[in-house]
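A, B, ... follow the sequence lines: proteins, then strands. Residue 1 opens every chain.
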Amino acid sequence: MQQKYNPHVIEREAQKHWEQSGAFRAVESPDQPKYYCLSMFPYPSGKLHMGHVRNYTLGDVVTRYYRMKGYNVLQPMGWDAFGLPAENAAMANGVPPAKWTHDNIATMKQQLASLGFAIDWSRELATCEPDYYRWNQWLFLRMLEKGLAYKKTGVVNWDPVDQTVLANEQVIDGRGWRTGAPVEKREIPMYYMAITRYADELLAELEKLPGWPERVKTMQANWIGKSFGVRFAFPYELDGKNKKLWVFTTRADTIMGITFAAVAAEHPLAARAARDNRELHAFVEECKRGSVMEADLATMEKKGMPTGLHVTHPLTGKKVPLWVGNYVLMAYGEGAVMGVPGHDQRDFEFTTQHGLPIKPVIKPKDGALELPLKAAYVEYGVCMNSGKYDGLDYQGAVDAIAADLKAKGLGEKQVLYRLRDWGISRQRYWGTPIPIIHCERCGDVSVPDGELPVVLPEDCVPDGTGNPLNKREGFLKCQCPKCGKPARRETDTMDTFVDSSWYYIRYACPDNGSAMVDERVRYWLPVDQYIGGIEHAILHLLYSRFWTKVMRDLGLAKFGEPFVNLLTQGMVLNEIFFRKGDTGRITYYNPAEVEVRTDNGGNRSAVLKSDGKPVESGGIGTMSKSKNNGVDPQELIDHYGADIARFFMIFQSPPEMTLAWSNAGVEGAARFLKRLWSFFYDYRAVIEDFPGLAKKLGPAVAQSNPLKLIYHFPDDWRTIDPGHAAIRRDVHLILKQAIFDMQRMQFNTVASAAMKILNAIYSPLGFQDLAQPQEQSQASRQAFYRQQFLHESSSILLRVLAPITPHITHHLWRELKFGESVLTAPWPEPDPAALIEDEIELVVQVNGKKRGDVRVPRDADNKAIEQIVLANPTVQKFVNGQPVKKVVVVPGRLVNVVV
RNA sequence: GCCCGGGUGGCGUAACUGGUAGACGCUGGGGACUUAAAAUCCCCUGGCCGCAAGGCCGUGCCGGUUCGAAUCCGGCCCCGGGCACCA
């Protein structure tokens, strides 16, 4: 064993050992409990970033922990390989997305290998491989057959200069990112998946997911947005015909307060009204400019214009003016709303702006409405100014009004979801081709199963002016499968969320060339622990749940929920440094180029290393290219090694919280592992003779078996050697807490626990007094148990640390002959006998303020404790003769004297 | 704008179902070792008052419940994530 800790050497050795023994290969074995631990697969952007390192380190800790607990663990890895960045790179460098992607995968795989993750690489997959995406196509066709996939028009961002569809990300302040041209909305035909058919189940089954964070479930529930309301119609007459304008409301109780109605700019009625109204036409056109993003729509100034048309109030029969409003969403409900300014804040603001009347119809249950209204009164109350409905509460009014509307054939109660069907068509090259053929005679025809996969040509280079597949004759031209006549292939590809909606299922059977799934899926699925960024809380996780349910209903899966437990990790942040130039231009400097000094009072100053002049701090933010505050994990690994990087990641922050980068923190991690190494270096000299000791000491210790890691201490040990017994108690208490923290995945305190154990056994023990016992005397027994205690504590320390820093613990475990591999060592359990204490310490409070502590016998009852506490001089000083009202005793913790 | 989180020393954080606020680590200061430096080891490190013993204040802000609140409730401020074509 080397005296100096050299991470690079021991990490290479450990990784070689694992690789040669095929240690991470997961094989189905029905007799063993399985554990499927999955981290979200990366997009192959080029290099690993810190978020990946954090994600996969967390996954690896879970994986290795469950292995030591005796589970058959699967931890696979793959690549979310289709997507926009590959096309952007192609435009910048002229390299086809396929080549760029494959090169990136090779680089990142290398990087992952250097971190020593317990990954079964035999199951690796990439979503851009035809073997994978053919099943996207196959399942899409099954959904089409069932009506779960269908075609309709949808709205997209359109760049009028490049004549191309833009992703939301490519729209900056309402303009195209490359051309700077104002973006327009455009309607195009697209394929949809009917996720709304599963809305109720997706909502209801959130309750069956106790292993998911509450906040994720709340976000999903709000996203699905089930609301109970009333769908009703305003009758109107147009072009000599009687028509109906349908709207939806959750506040039917306010229906008597309607002073106007409004439709979205995309509503057919808006188009009809604009036909002979030039001003309105211009307004509708104006509304069509700008992006389709909801955040943009919601923050827009509320604008509107009267159509000149009137509709009839369904209950009063009065005429109500019809407006076009840019805040009415075509995608939600009917694309039209009733306007009740008295009780809806958006309507209120709209009305104030356009001088429409306000009619309050709801008042607080007890009390009156303050008039005139300064804002909409949106609380539930009772009806007023509402004729026959006056005095009714919310539910009573809704019931009565819905019944009256129904009697007139003008409406009824309806359940509405905010959730919209999933548009999967993308007018992009680098994705799964949608397996449809367009025939002039037969229409849209599915590609027959036998001709799947529709393979994407891999040598196209996009240029920013639309999908290059449209110029690829070889791909475009085909025969209609129905009539055999020349036809044209669909060039739209699928949303990459389709790829990521089921990859975790395919890991069970990546090599099956003839079926999407097989019996191995039954063994491994569902995923026991899924780990990934909180930014995926809604879309990816909701689509995956939907996809799983579709596969279940098609008889392809036996489970309805894909992820039993979910851990959403926080983002990785770093400081931002910049200078403002004379022209106001901001230049960002990477924190690695900046030196920060802190004085005693906590005042910080930062200078650029290269010129020694100050830079400004821009606070802390997510690592990003634009702020130039990223840290390259590769540099970290090259400099410190994998274990230090991993330990830092785990120790710095709890998994769910954001993690702030800190060079000093990395140094701290390095210091700890060096200290661990030097402890075991010294300890090795002692342990070499240890197995022989048991023989020398005879029958008194024959039951001890250090190599099987079962330790026995006689009852009188606590009196023979109270000092070490107390330390052993500490170690086992720390272990007990570490197990609790491991279970709740608060790994930062598990790392702390390892530090505490090392602190507990390091200094007080020193090795020089561990003389070799020669005979069966009391002193020899004492020395023996001290050695056994040290052996036990050391083995606990290495095992607690093994999931976090696998390389150094692998090396030390073998070096000290604890066993063949710590990877398969049993996870340690605290010894109940070690935790026993004869006296316990209680905190004493007077009126809730800490005033000292007392030691009482372990089995003292509350009355005895009360007497001891009241007799305490400090307590008497603070009680100061006042009558004692009450004494609260919290067993094992504290006593509060109330005066 | 809407939905969801978070806010504790100079810093990262800890405090299990309400029960000793600041474990563990970093930074800073002091000391030991060294010819010297690095490394390592030891001590101190929330604020205020005090020679000390000790006392008072303190978990974003305001208020409430409780013997007792970082933790529960109501209101506010600030920061972060998501908003359906970034992944």
The side chain of [X] lies closest to which of these nucleotides: [options]?
X       : options                   : answer
E169(A) : rA87(B), rC86(B), rC26(B) : rC86(B)
V898(A) : rG81(B), rA84(B), rC67(B) : rC67(B)
K756(A) : rA87(B), rG1(B), rC24(B)  : rC24(B)
L894(A) : rC83(B), rA87(B), rU20(B) : rU20(B)
V843(A) : rA87(B), rU20(B), rC67(B) : rU20(B)

Can you tell me how far [atom2] of [N] sits from [atom1] of [X], to the nearest Å?
X       : N       : atom1 : atom2 : value
D499(A) : rA87(B) : CG    : P     : 10 Å
Q170(A) : rA84(B) : CD    : C1'   : 16 Å
E535(A) : rC3(B)  : CD    : P     : 22 Å
E87(A)  : rC86(B) : CD    : C1'   : 13 Å
D344(A) : rC2(B)  : CG    : P     : 12 Å
Y5(A)   : rA39(B) : OH    : C1'   : 17 Å
K885(A) : rG68(B) : NZ    : C1'   : 14 Å
I757(A) : rC24(B) : CD1   : P     : 14 Å

Same-atom distance ([atom1]) from [N] to [M], integer angstrom:
N       : M       : atom1 : answer
rG9(B)  : rU27(B) : C1'   : 12 Å
rU66(B) : rA14(B) : P     : 31 Å
rC44(B) : rC56(B) : P     : 24 Å
rC3(B)  : rU8(B)  : C1'   : 27 Å

ask   = So Q353(A) and E349(A), side chain to side chain donor-acceptor pair (under 3.5 Å) or not? Walk me through it.
value = CA-CA 6 Å; Q353(A) 231 165 60; E349(A) 285 164 29; over 6 Å; no
In residues 191-199 of chain A, what donor-acceptor pairs under 3.5 Å come from side-chain atoms, sequence neighbours left out?
residue, atom, partner, partner atom, Å
T196(A), OG1, D421(A), OD1, 2.6
R197(A), NH2, G147(A), O, 2.8
Y198(A), OH, D553(A), OD2, 2.7

message = Is the positively charged end of R851(A) above the ring of F878(A), judged by distance under 6.0 angstrom from the centroid and angle within 45° of the axis?
response =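 Checked: cation-pi criterion met.
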Name the nucleic acid region contacted by [X], choosing base, sugar-phosphate or nothing; use a 4.0 angstrom heavy-atom cut-off, strictly under.
X       : result
N168(A) : sugar-phosphate
T218(A) : sugar-phosphate
W223(A) : base
V165(A) : base
Q845(A) : base
H540(A) : nothing
Q427(A) : base
L297(A) : nothing
M190(A) : base

message = Working note: N748(A) + Q652(A), criterion side chain to side chain contact (heavy atoms under 4.5 Å, CB included); need CA distance, chi angles, decisive distance, verdict.
response = CA-CA 7 Å; N748(A) 55 324; Q652(A) 186 71 1; over 6 Å; no
ask   = Looking only at side chains, do T432(A) and D499(A) share a donor and an acceptor under 3.5 Å apart?
value = yes
ask   = What one-letter contact string describes nucleotides 11-16 of chain B from 5' to 3', where B marks a base within less than 4.0 Å of any protein heavy atom, S marks contact via sugar-phosphate atoms alone, and - marks no contact?
value = -BSSSS
Nucleic acid footprint by protein, nucleotides 71-77 of chain B - heavy-atom cut-off 4.0 Å, B for base, S for sugar-phosphate alone = -------
Centroid-centroid distance, Y132(A) to W502(A), less than 6.0 Å = yes
inquiry  = Taking the ring of F672(A) and the ring of F651(A), is the distance between their centroids below 6.0 Å?
reply    =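 Judged by ring-centre distance (under 6.0 Å), F651(A) and F672(A) do not meet the cut-off.
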key: Which residue lies more 5' along RNA chain B, comparing F497(A) with T622(A) via nearest heavy atoms   = T622(A)
key: Nearest-nucleotide comparison on RNA chain B, the residue closer to the 5′ end among R346(A) and T496(A)   =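 Nearest-nucleotide comparison on RNA chain B picks R346(A).
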Is a salt bridge present between [X] and [Y], judged by a nitrogen-to-oxygen distance below 4.0 Å?
X       : Y       : result
E294(A) : R418(A) : yes
R251(A) : D344(A) : no
E214(A) : K217(A) : yes

task = Using a cut-off of strictly less than 4.0 Å, decide whether N759(A) has a side-chain nitrogen or oxygen near OP1 or OP2 of rG25(B).
result = yes
request  = Verify the contact: side-chain N or O of R215(A) to OP1 or OP2 of rG6(B), cut-off strictly under 4.0 Å; return yes or no.
outcome  = no
Looking at [N], which nucleotide sits across from it as a Watson-Crick or G-U wobble partner, both distances under 3.5 angstrom, or is there none?
N       : answer
rA39(B) : none
rC72(B) : rG64(B)
rC11(B) : rG25(B)
rC2(B)  : rG82(B)
rU17(B) : none

Tabulate below the donor-acceptor pairs under 3.5 Å that side-chain atoms of residues 658-671 of chain A make, not counting sequence neighbours, or state none.
residue, atom, partner, partner atom, Å
W661(A), NE1, N663(A), OD1, 3.2
S662(A), OG, A664(A), N, 3.4
S662(A), OG, G665(A), N, 2.8
E667(A), OE2, Y640(A), OH, 2.6

inquiry  = Please classify the glycosidic conformation of rG9(B) as syn (within 90° of 0) or anti (everything else).
reply    =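 In terms of base orientation relative to the sugar, rG9(B) is syn.
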Please work out which of the three classes, parallel, tilted or perpendicular, describes the rings of [Y] and [X], given edges at 30° and 60°.
X       : Y       : result
Y43(A)  : W100(A) : tilted
Y503(A) : F41(A)  : parallel
H540(A) : H536(A) : perpendicular

Find every protein N or O atom lying less than 3.5 Å from an N or O atom of nucleotides 53-60 of chain B, and list the pairs.
residue, atom, partner, partner atom, Å
rC56(B), OP1, R851(A), NH2, 3.3
rC56(B), OP2, R851(A), NH1, 3.3
rC57(B), OP2, K849(A), NZ, 2.7

query = Can you name the residues that form a side chain to side chain donor-acceptor pair (under 3.5 Å) with E184(A), not counting sequence neighbours?
reply =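 Result, side chain to side chain donor-acceptor pair (under 3.5 Å) vs E184(A): none returned.
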